[in-house]
Amino acid sequence: AMYNFIEMGKLIRKHRRERKLTIEQLAELSNLSYRCISNIERGLASPKFGTVVKIFAVLDKDLNELKQFVILHNSMAYHKDLGWFDSRSS
């Protein structure tokens with residue numbers, strides 16, 4: 001099941017463009033391949049939770065936004081990872 005990775009991809013693309021970064025630049029900064037970022041943005045990949053966190057960190061986005069997004073859109077895919085947010089804030 002794809003668990004709405006299309007919405008995740010759109011969100012990452014929006015944030016990348018706001019930062020005025022190319023896919024190449026984001027790939028380099030997050031230590032991922034061009035193909036990986038491209039596939040994530042197009043909703044063709046179901047990235048590991050850690051990969052999404054890494055991209056959000058590089059884009060300097062609030063991880064609380066990611067948490068809300070996961071609850072709304074990707075709760076099934078990343079449900080087991082939600083505890084990570086709580087462990088960070090304590």
Side-chain angles (χ1 to χ4, degrees):
M2 281 309 280
Y3 297 133
N4 223 337
F5 286 106
I6 289 163
E7 291 305 315
M8 176 71 79
K10 283 183 188 165
L11 183 68
I12 288 171
R13 177 179 284 160
K14 178 174 87 81
H15 289 330
R16 174 178 63 77
R17 287 177 171 164
E18 282 170 2
R19 293 298 307 268
K20 298 188 168 39
L21 291 173
T22 64
I23 292 178
E24 292 95 331
Q25 288 168 324
L26 177 56
E28 195 171 319
L29 288 167
S30 52
N31 222 4
L32 298 163
S33 69
Y34 177 96
R35 174 178 267 176
C36 177
I37 300 287
S38 175
N39 284 344
I40 290 170
E41 287 195 357
R42 290 182 294 150
L44 301 175
S46 46
K48 291 192 183 92
F49 180 73
T51 301
V52 175
V53 168
K54 192 191 285 189
I55 291 169
F56 260 70
V58 167
L59 292 173
D60 203 25
K61 296 310 294 182
D62 183 0
L63 287 170
N64 201 47
E65 181 190 359
L66 178 58
K67 181 180 182 179
Q68 296 312 314
F69 184 88
V70 166
I71 290 166
L72 281 169
H73 297 283
N74 286 76
S75 55
M76 291 303 290
Y78 296 133
H79 191 73
K80 66 188 185 306
D81 299 299
L82 281 171
W84 180 84
F85 291 103
D86 302 326
S87 69
R88 276 184 83 259
S89 57
S90 57

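Side chains included, hydrogens not; waters and symmetry mates left out as well; all remaining heavy atoms used.
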A.B. asks: What are the two closest non-hydrogen atoms of Leu59 and Leu21, and how far apart are they?
C.D. replies: CD2-CD1, 3.8 Å

A.B. asks: What salt bridge (charged side-chain N to carboxylate O under 4.0 Å, His left out) pairs are there with at least one residue in residues 35-56, not counting sequence neighbours?
C.D. replies: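 Listed by first then second residue: Arg13-Glu41, Arg16-Glu41.
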
A.B. asks: Partners of Phe56 by ring pair (Phe, Tyr, Trp, His ring centres under 6.0 Å), sequence neighbours excluded?
C.D. replies: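 Testing Phe56 for ring pair (Phe, Tyr, Trp, His ring centres under 6.0 Å), a comparison that skips the adjacent residues, returns His15.
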
A.B. asks: Can you list everything that forms a side-chain contact (heavy atoms from CB on, under 4.5 Å) with Glu7? Sequence neighbours excluded, please.
C.D. replies: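 side-chain contact (heavy atoms from CB on, under 4.5 Å) check on Glu7 returns Asn4, Lys10, Phe69, His73.
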
A.B. asks: What pair of heavy atoms forms the shortest contact from Phe85 to Leu63, and how long is it?
C.D. replies: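 So the minimum-distance heavy-atom pair works out to CE2-O, 3.3 Å.
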
A.B. asks: Can you list the residues that meet the ring pair (Phe, Tyr, Trp, His ring centres under 6.0 Å) rule with Tyr34, with sequence neighbours excluded?
C.D. replies: none

A.B. asks: Quick one: CD1 on Ile23 to CD1 on Ile37, what's the gap to the nearest 0.5 Å?
C.D. replies: 8.0 Å

A.B. asks: Count the heavy atoms belonging to other residues, nucleotides or ligands that lie under 6.0 Å from CG of Asp62, then report whether that count exceeds 12.
C.D. replies: yes

A.B. asks: Among all residues two or more places apart in sequence or in another chain, which pass the side-chain contact (heavy atoms from CB on, under 4.5 Å) test with Val58?
C.D. replies: Leu26, Leu29, Ser30

A.B. asks: Verify side-chain contact (heavy atoms from CB on, under 4.5 Å) between Leu32 and Ile55, making sure each step is shown before the conclusion.
C.D. replies: CA-CA 9 Å; Leu32 298 163; Ile55 291 169; 3.8 Å; yes

A.B. asks: So Leu66 and Leu11, do their side chains get closer than 4.5 Å, heavy atoms only?
C.D. replies: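 Sidechains of Leu66 and Leu11: no contact.
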
A.B. asks: Search all heavy atoms of Pro47 against all heavy atoms of Ile40 and return the closest pair with its distance.
C.D. replies: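 Heavy atoms only, the tightest pair is CB-CD1, 3.8 Å.
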
A.B. asks: To check you understand the geometry: which heavy-atom pair defines the closest contact between Lys61 and Glu18, and what is its length?
C.D. replies: NZ-OE1, 4.0 Å

A.B. asks: With sequence neighbours excluded, tell me which residues meet side-chain contact (heavy atoms from CB on, under 4.5 Å) with Ile71.
C.D. replies: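 If we apply the side-chain contact (heavy atoms from CB on, under 4.5 Å) test to Ile71, skipping adjacent residues, the hits are Lys67, Gln68, Leu82.
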
A.B. asks: Looking at residues at least two apart in the chain, or sitting in another chain, which of them share a side-chain hydrogen bond (donor to acceptor under 3.5 Å, both in side chains) with Ser33?
C.D. replies: none

